[in-house]
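For clarity, every value in this text was computed on a predicted model and none was experimentally measured. Hydrogens, waters and symmetry mates are skipped; everything else that's a heavy atom, side chains included, is used.
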Amino acid sequence: MKRYLACGILTLFFWVFVCGAALPEPSTNTDKGQANVASGEGPGDEVAFTQLLKGTLLEGFVHAFVASISVIIVSELGDKTFFIAAIMAMRHPRVTVLAGAMLALFIMHVLSASLGGVVTTFIPRKYTYYASAVLFAIFGIKMMKDGLGMSAEEGQEEYEEVQADLRKKEEEEGASGIADAEAATRPAVPRYNFLRKYFSRVFLQTLTLTFLAEWGDRSQITTIILATKENIAGVIIGGALGHFICTALAVLGGRFIAQKISVRTVTLVGSVVFILFAISALLFKPTDS
């Protein structure tokens with residue numbers, strides 16, 4: 001099972017990388033088209049330039065989409081947020097768990113991409129472009145080192161650790177519930193709880209746990225880095241889809257997927273993906289689309 005999963009992931013990201021690299025390069029007539037439009041040499045030139053601009057924007061979106069969904073999947077599979085969704089879905093309604101986890105991940109993802117976009121307004125793109133390549137290489141090398149040092153049971157250990165943390169939180173909530181029941185016999189004190197009025201406890205618990213686990217995570221930092229050099233819309237949509245795929249897999253697969261997935265294999269595959277993107281960044285100039 002683990003061998004087939006590893007082969008499938010490697011094949012997927014090989015073709016994703018090949019398809020991203022195979023995108024047609026923008027025409028070398030861009031400068032000519034711009035000059036023609038500026039000099040007003042006829043509507044034909046203006047239409048050609050508009051089509052070229054749309055094609056360039058589309059290529060930038062597709063490249064950002066491919067890069068974002070790739071790094072998110074290899075970062076989130078077997079991650080703490082993955083196990084949180086899997087364990088919560090075994091105890092509570094799956095739709096509620098999926099909704100809470102996805103809302104937390106989407107909020108964090110949009111915030112991270114927006115932060116990366118803001119950075120480019122202060123730092124020239126050529127600096128953020130090469131800095132991102134260096135950071136991708138560092139992430140890739142570190143992930144490869146971590147993956148080679150992992151045991152075959154790393155995923156099971158992470159799963160049990162998250163399960164123990166959730167059990168502890170539930171016990172604490174149970175003790176808090178008893179204290180609230182005792183306090184109910186005393187004179188009522190007005191307390192405004194807006195969120196619990198409209199959302200279930202399971203939804204809020206999943207949202208909170210996922211948001212806190214994602215804060216400072218590798219996928220968050222990766223999103224910020226990508227947004228400094230790629231099309232932000234492509235980064236957001238690709239990353240959101242990547243988060244949805246991983247979370248849905250955890251929620252639907254539950255214990256079986258969580259315990260069968262090889263964190264070591266996913267980490268090693270992720271290291272290769274990060275290194276490939278670092279190398280690809282060095283093959284092009286920051287001004288290339």
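Considering every non-hydrogen atom in both A227 and A113, the closest pair reads CB-O, 3.3 Å. Closest approach of A137 and A278 over heavy atoms only: N-CB, 3.6 Å. Heavy atoms only, all atoms of each residue included: S68 and G238 are closest at OG-C, 3.7 Å. Closest non-hydrogen pair, S70 versus V273, comes out as CB-CG1, 4.3 Å. Residue N231 comes nearest to G234 through the heavy atom pair OD1-N, 3.0 Å, listed as atom of the first residue, atom of the second, then distance.
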Going by atom type alone, with no hydrogens or angles, which donor-acceptor pairs under 3.5 Å involve a side-chain atom of residues 93-101 and a protein atom two or more places apart or on another chain?
none

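Using a 30° and 60° split on the angle between ring planes, F136 and F277 fall in the tilted class, from 30° to 60°.
Looking at M144 and T267, their side chains never come closer than 4.5 Å, going by heavy atoms from C-beta outward. Proximity of L111 to L115: side-chain heavy atoms (C-beta onward) are nowhere separated by under 4.5 Å. No side-chain heavy atom of D217 sits less than 4.5 Å from a side-chain heavy atom of M108. In this structure, I72 and T223 have side chains that are in contact, with non-hydrogen atoms separated by less than 4.5 Å. For the pair Y129/K229, a side-chain contact is recorded, criterion being any heavy-atom separation below 4.5 Å from C-beta on. L77 places a side-chain heavy atom less than 4.5 Å from the side chain of L249. Looking only at side-chain heavy atoms (C-beta outward), C246 and I73 come within less than 4.5 Å of each other. Two residues are said to be in side-chain contact when any heavy atoms from C-beta on lie closer than 4.5 Å; F139 and V71 fail this criterion.
One N or O on the side chain of H109 and one on the backbone of V235 form a donor-acceptor pair closer than 3.5 Å.
Under the 4.5 Å side-chain heavy-atom criterion for Ile, Leu, Val, Met, Phe, Trp and Tyr, F244 and F65 are members of the same hydrophobic cluster. In the hydrophobic clustering of ILVMFWY residues, with side-chain heavy atoms under 4.5 Å counting as a link, I237 and V110 come out apart. When the side chains of ILVMFWY residues are joined at heavy-atom separations under 4.5 Å, either directly or via intervening members, F203 and I107 end up in a single hydrophobic cluster. A continuous path of ILVMFWY side-chain contacts below 4.5 Å connects L209 to V202, so both sit in one hydrophobic cluster. The hydrophobic cluster containing V251 also contains M102, counting ILVMFWY residues as joined when their side-chain heavy atoms lie under 4.5 angstrom apart, directly or transitively.
Between atom CD1 of residue I221 and atom CG of residue L226 there is a gap of 12.5 Å, rounded to the nearest 0.5 Å. Interatomic distance, CG of L241 versus CD1 of I236, reported as 13.5 Å (0.5 Å rounding). Atoms OG and CD1, on S112 and I225 in that order, are 10.5 Å from each other to the nearest 0.5 Å. Summarising the geometry, atom CE belonging to M143 is positioned 14.0 Å from atom CD1 belonging to I138; distances are rounded to the nearest 0.5 Å. With rounding to the nearest 0.5 angstrom, the NZ atom of K80 is 6.0 Å from the CD1 atom of I84. Atom CD in Q205 sits 9.0 Å away from atom CZ in R91 (nearest 0.5 Å).
Scanning for side-chain contact (heavy atoms from CB on, under 4.5 Å) contacts around I123 gives V119, Y127, T128, with sequence neighbours left out. Under the side-chain contact (heavy atoms from CB on, under 4.5 Å) criterion, S75 pairs with R218, S219, F274, not counting sequence neighbours.
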